[in-house]
Amino acid sequence: MINISGTVEKIIFQSPQTWYSVCDVCLDTGEGLTVVGVMPYISVGECISASGTFITSKEYGKQFKVEAYKKYLPKNKNSILRYLSSGAIKGIGAKIAKKIVDEYGEDAFDVIENHPDWLVSINGISRKKAYDISFDFKEKSDVRRICEESGGIISPDTSAKIYKKWGKNALGILRENPYALCDGDFGVSFKFADEIAFSYGISPSDKGRVKAAIKYVLGVYAARDGHTYVQKNKVVEAVSKLIGISQVEISPLFDEGELPKGISKITVKGEACLTLNELYFAEINIAKRLHLLNRKAISFENSNLDSMVARLEESEGIKYAHLQKRAIYESLKNGVTVLTGGPGTGKTTVIKALTRIFDNLGLSYALCAPTGRAAKRMSEQAGVDAKTVHRLLEVTVGAEYSDAPKFGKNATDLLSEDVIILDESSMIDVLLANALVVAIKPGARIIFIGDTDQLLSVGEGNVLNDIIASGCFSTVCLNEIFRQAENSGIVTNAHKINKGIYPDLGEKYDDFFFIPLSDEKIPEYIADLSGNRLPKRYGKDGREGVQVICPSKKGIAGVGSLNFTLQERLNPQNGKKAELKRGQTLTLRQGDKVMQTKNNYSAEWVEERAGTDFFGMGIYNGDIGVIKSIDDELTVSYGTKDVIYQKGELDELELAYAITVHKSQGSEYPIVIIPISPSCPYMLLTRNLIYTAITRAEKMVILVGDPETFYKMIDNNTRAERNTLLKDLLENEAK
């Protein structure tokens with residue numbers, strides 16, 4: 001290894017994703033040299049010392065390939081000015097840089113880091129901008145140190161997330177417990193955490209490593225399978241396989257007093273099990289709170305409901321079906337009510353009726369749903385403003401970065417509404433359900449509305465089905481398809497599929513089509529539909545209202561393949577559109593349709609209302625928008641809201657021309673295209689998956705692919721089983 005040191009004169013190339021850099025360096029000897037390698041946040045004017053080897057490129061000649069390096073801030077005024085003028089610090093350009101250096105000279109860096117309020121004296125720097133400059137300066141320094149600490153195992157983007165969560169404590173936490181990286185939403189696997197831990201000299205049999213593995217395995221079972229508890233013997237086996245240590249050797253660490261913090265040992269049906277405390281206590285709280293609400297709510301069954309409903313029927317010009325009336329009565333009698341039913345069975349009609357009756361009774365109410373698209377659809381159909389559960393609970397984040405939401409409405413500051421109506425209840429997981437029910441005041445009531453035949457929630461638990469299965473609360477299942485929905489191929493065939501009956505693919509419908517095609521023809525056909533036929537035939541709906549929904553991510557008819565094909569067809573590069581790469585394969589381009597892939601409670605958005613900008617926080621998993629602009633930042637428009645992403649946050653975005661069925665839950669789209677491929681993994685060829693996909697279509701569904709695979713999906717009524725405690729807890733609480 002050869003050591004060099006010098007000053008960065010010019011940045012020739014730098015990847016914002018991998019931080020692979022090519023730069024010209026003036027060595028301390030006065031010689032010029034081209035230096036290449038992974039060097040996060042390197043900037044003109046910085047001094048570096050590096051170790052590596054000389055290489056010779058046919059195209060570029062002699063270069064120095066960096067294996068390890070350190071960088072130092074310049075110390076004289078001219079070098080400081082060059083560094084600050086290079087754009088290395090967000091918010092500082094050439095003019096501002098000169099003003100800072102003129103004012104503070106060689107103390108400029110100390111002022112930026114430790115006395116940002118002094119910068120306000122400089123024309124062009126507001127108090128907010130001064131603190132933003134200071135934060136960016138400190139963040140880049142600490143992010144670089146995290147990268148170096150991990151020996152390059154942790155990427156710069158992940159290092160930035162670590163810094164945002166742990167701040168100045170990041171290096172201390174990393175050194176004390178590298179396995180903490182597996183707990184957060186950092187995307188760091190146990191294998192990578194192991195590499196860092198071993199570099200610190202941690203033994204493979206270290207007790208802390210085994211405990212971290214236990215927590216990691218339980219987290220995987222929860223995130224992947226939705227389990228809120230797992231049998232102890234399964235966890236022991238999985239941990240042993242993960243860390244390469246015998247089950248006999250690690251078994252003592254599964255005893256009560258040795259378990260990692262945040263994990264409890266419980267007995268379920270005579271079998272020893274392990275659970276993550278946040279999930280365990282969430283299910284306990286849900287059970288207690290629902291029974292409390294059911295006991296405390298005032299019953300209106302003696303309030304002459306028949307005449308009230310009759311007057312409503314007359315004023316609305318409608319005749320409610322028997323089960324719809326029963327749903328209305330049960331919702332007014334009980335503190336907790338469940339209303340289920342498939343498409344076209346009149347759930348929205350019941351919601352409308354209930355809101356009118358609550359108005360007449362002088363009861364305040366709130367309509368909500370787990371996702372923004374579901375809340376918007378609820379508003380449009382019911383004619384009453386609906387919010388996401390997060391917005392209803394006034395989601396906030398603290399001064400520190402947080403992976404988990406903090407709600408303004410909670411057990412100590414309750415919601416004021418007398419009634420909460422929750423739509424798309426099958427989507428809600430135990431953590432969000434717990435946050436909601438503990439914030440409802442005793443004496444108020446909650447009405448769960450959903451479709452139990454759809455896919456289970458993406459998050460942990462099986463809340464709606466467990467509530468129904470417990471038998472503790474009044475449940476009404478609407479099963480009559482109303483006349484206005486009888487002629488819909490979407491509604492008719494969705495109900496057939498749900499009963500295991502094959503739709504007649506030769507029958508003519510205006511809104512349901514099946515196009516038989518071989519696998520290799522599916523991508524091009526869908527591209528032609530999306531880019532040509534549907535826009536010509538259906539105008540705006542055909543241009544903006546089309547959503548491709550795939551059973552699988554992989555394969556020729558999967559999300560990955562179709563997004564690539566559709567991007568090239570619907571938004572090709574024309575030499576004018578800005579774009580950037582995320583990783584090795586994904587290109588994000590101005591005008592692309594994209595999806596937010598995780599909840600980001602600290603993301604800031606701006607929305608123009610009547611000529612005034614309104615600001616807020618929070619963008620959520622499954623939200624779909626369009627890339628508005630790309631420069632130093634990337635701006636995505638989600639309807640009327642614009643969200644700005646820094647380059648280190650791009651892993652939260654993916655193309656959304658095609659999405660999975662799971663990502664489509666809670667949403668409706670004017671036109672849905674569904675590829676049906678025999679190459680799709682068998683575990684995804686299920687009845688409830690194709691039922692969920694078809695019922696996402698508002699005006700038209702087009703299935704493209706193999707009829708036999710479609711029939712196999714209808715035949716396969718296998719449902720994922722989840723280990724949950726809520727049903728038993730509800731039953732026990734009732735005793």
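Computed over heavy atoms, backbone and side chain alike; hydrogens, waters and symmetry mates excluded.
The aromatic rings of Tyr620 and His390 sit parallel, their planes meeting at an angle under 30°, below the 60° perpendicular limit.
Within a 6.0 Å sphere centred on CD of Glu314, heavy atoms belonging to other residues, nucleotides or ligands number 12 at most. The 12-atom threshold is exceeded at CD of Glu380, counting heavy atoms of other residues, nucleotides or ligands nearer than 6.0 Å. No more than 12 heavy-atom neighbours from other residues, nucleotides or ligands sit within 6.0 angstrom of NZ on Lys628. Other residues, nucleotides and ligands contribute only 12 or fewer heavy atoms inside 6.0 Å of the CD1 atom of Ile298. The 12-atom threshold is exceeded at CZ of Phe513, counting heavy atoms of other residues, nucleotides or ligands nearer than 6.0 Å. More than 12 non-hydrogen atoms from other residues, nucleotides or ligands lie less than 6.0 angstrom from NZ of Lys496. Shown here is Lys376, whose NZ atom has no more than 12 heavy atoms of other residues, nucleotides or ligands within 6.0 Å.
Side-chain atoms of Asp511 and Ser488 include a donor-acceptor pair closer than 3.5 Å. Side-chain polar atoms of Asp451 and Thr695 form no donor-acceptor pair below 3.5 angstrom. Counting only N and O atoms by type, the side chains of Thr228 and Glu283 include a donor and acceptor under 3.5 Å apart. No donor-acceptor contact under 3.5 angstrom links the side chains of Gln454 and Thr692, judged on distance only.
Using modelled atom types, no side-chain atom of Thr475 and backbone atom of Ile468 make a donor-acceptor pair closer than 3.5 Å. Using a distance-only test at 3.5 Å, with no hydrogens or angles considered, no donor-acceptor pair links the side chain of Glu417 to the main chain of Ala444. Asp429 places a side-chain N or O within donor-acceptor distance of the main-chain N or O of Leu431, the cut-off being under 3.5 Å. A donor-acceptor contact shorter than 3.5 Å links the side chain of Ser379 to the backbone of Ala375. A donor-acceptor contact shorter than 3.5 Å is absent between the side chain of Thr340 and the backbone of Thr452. Side chain of Arg445 to backbone of Lys296: no donor-acceptor contact under 3.5 angstrom is found. With hydrogens and angles disregarded, a donor-acceptor distance shorter than 3.5 Å links the side chain of Arg687 to the backbone of Ile714. A donor-acceptor pair under 3.5 Å is absent between the side-chain atoms of Glu330 and the main chain of Val476, judged by distance alone. Under a 3.5 Å cut-off, the side chain of Thr597 and the backbone N or O of Glu652 do form a donor-acceptor pair. Checking side-chain atoms of Asn716 against main-chain N and O of Leu685 turns up a donor-acceptor pair under 3.5 Å.
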### Task
Show your reasoning for whether side chain to side chain donor-acceptor pair (under 3.5 Å) applies to Thr724 and Asp466.
CA-CA 8 Å; Thr724 62; Asp466 281 349; 2.7 Å; yes
### Task
Show your working on side chain to side chain contact (heavy atoms under 4.5 Å, CB included) between Ser664 and Val661 and close with a plain yes or no.
CA-CA 5 Å; Ser664 74; Val661 181; 4.2 Å; yes
### Task
Determine, stepwise, if the pair His291 / Phe473 fulfils side chain to side chain contact (heavy atoms under 4.5 Å, CB included).
CA-CA 9 Å; His291 277 290; Phe473 309 105; 4.0 Å; yes
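Each of Ile318, Val309, Val350 was compared with Gln324 under the side chain to side chain contact (heavy atoms under 4.5 Å, CB included) criterion, and only Val350 meets it. With Glu733 as the fixed residue, the salt bridge (Lys or Arg N to Asp or Glu O under 4.0 Å) test singles out one of Arg289, Lys288, Lys727: Lys288.
The pair Arg722-Glu460 does not meet the salt-bridge criterion, since no charged nitrogen lies less than 4.0 angstrom from a carboxylate oxygen. Taking the charged nitrogens against the carboxylate oxygens, Asp453 and Lys499 have no contact shorter than 4.0 Å, which rules out a salt bridge.
The shortest distance between side-chain heavy atoms of Ile490 and Pro343 does not fall below 4.5 Å. Contact of the Arg719 side chain with the Thr686 side chain is not registered, since no non-hydrogen atoms from C-beta on lie closer than 4.5 Å. Side chains of Asn334 and Asn294 form a contact here, defined as non-hydrogen atoms less than 4.5 Å apart. The shortest side-chain heavy-atom distance between Asn493 and Ile694 does not fall under the 4.5 Å cut-off. The shortest distance between side-chain heavy atoms of Thr709 and Cys680 does not fall below 4.5 Å. A heavy-atom distance below 4.5 Å is not found between the side chains of Ile556 and Ile522. Residues Gln596 and Leu653 are in side-chain contact: their nearest non-hydrogen atoms beyond the backbone lie under 4.5 Å apart. Annotation: side chain of Ile690 is not in contact with side chain of Pro551 (no heavy-atom distance under 4.5 Å).
Here Leu455 contributes atom CG and Gln665 contributes atom CD; the two are 5.0 Å apart, rounded to the nearest 0.5 Å. One finds the CG atom of Leu456 at 11.5 Å from the CG atom of Asp225 (value rounded to the nearest 0.5 Å).
A search for salt bridge (charged side-chain N to carboxylate O under 4.0 Å, His left out) contacts involving Glu668 returns Arg377, not counting sequence neighbours. Residues passing the side-chain hydrogen bond (donor to acceptor under 3.5 Å, both in side chains) test with Asp306 are Tyr329, sequence neighbours excluded.
Across every non-hydrogen atom of Gly342 and Lys347, the tightest pair is O-NZ, 3.2 Å. Shown here for Cys550 and Leu562, the closest heavy-atom pair between the two residues is SG-CD1, 3.6 Å. Here the closest heavy-atom approach between residue Tyr657 and residue Asn571 is recorded as OH-CB, 3.3 Å.
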Contacts under 3.5 angstrom, residues 357-371 side chains, donor-acceptor by atom type, not counting sequence neighbours:
from: Asp359; atom 1: OD1; to: Tyr365; atom 2: OH; distance (Å): 3.2
from: Asp359; atom 1: OD2; to: Tyr365; atom 2: OH; distance (Å): 3.3
from: Asn360; atom 1: ND2; to: Arg356; atom 2: O; distance (Å): 3.4
from: Ser364; atom 1: OG; to: Asp418; atom 2: N; distance (Å): 3.1
from: Ser364; atom 1: OG; to: Asp418; atom 2: OD2; distance (Å): 3.1
from: Thr371; atom 1: OG1; to: Ala374; atom 2: N; distance (Å): 3.1

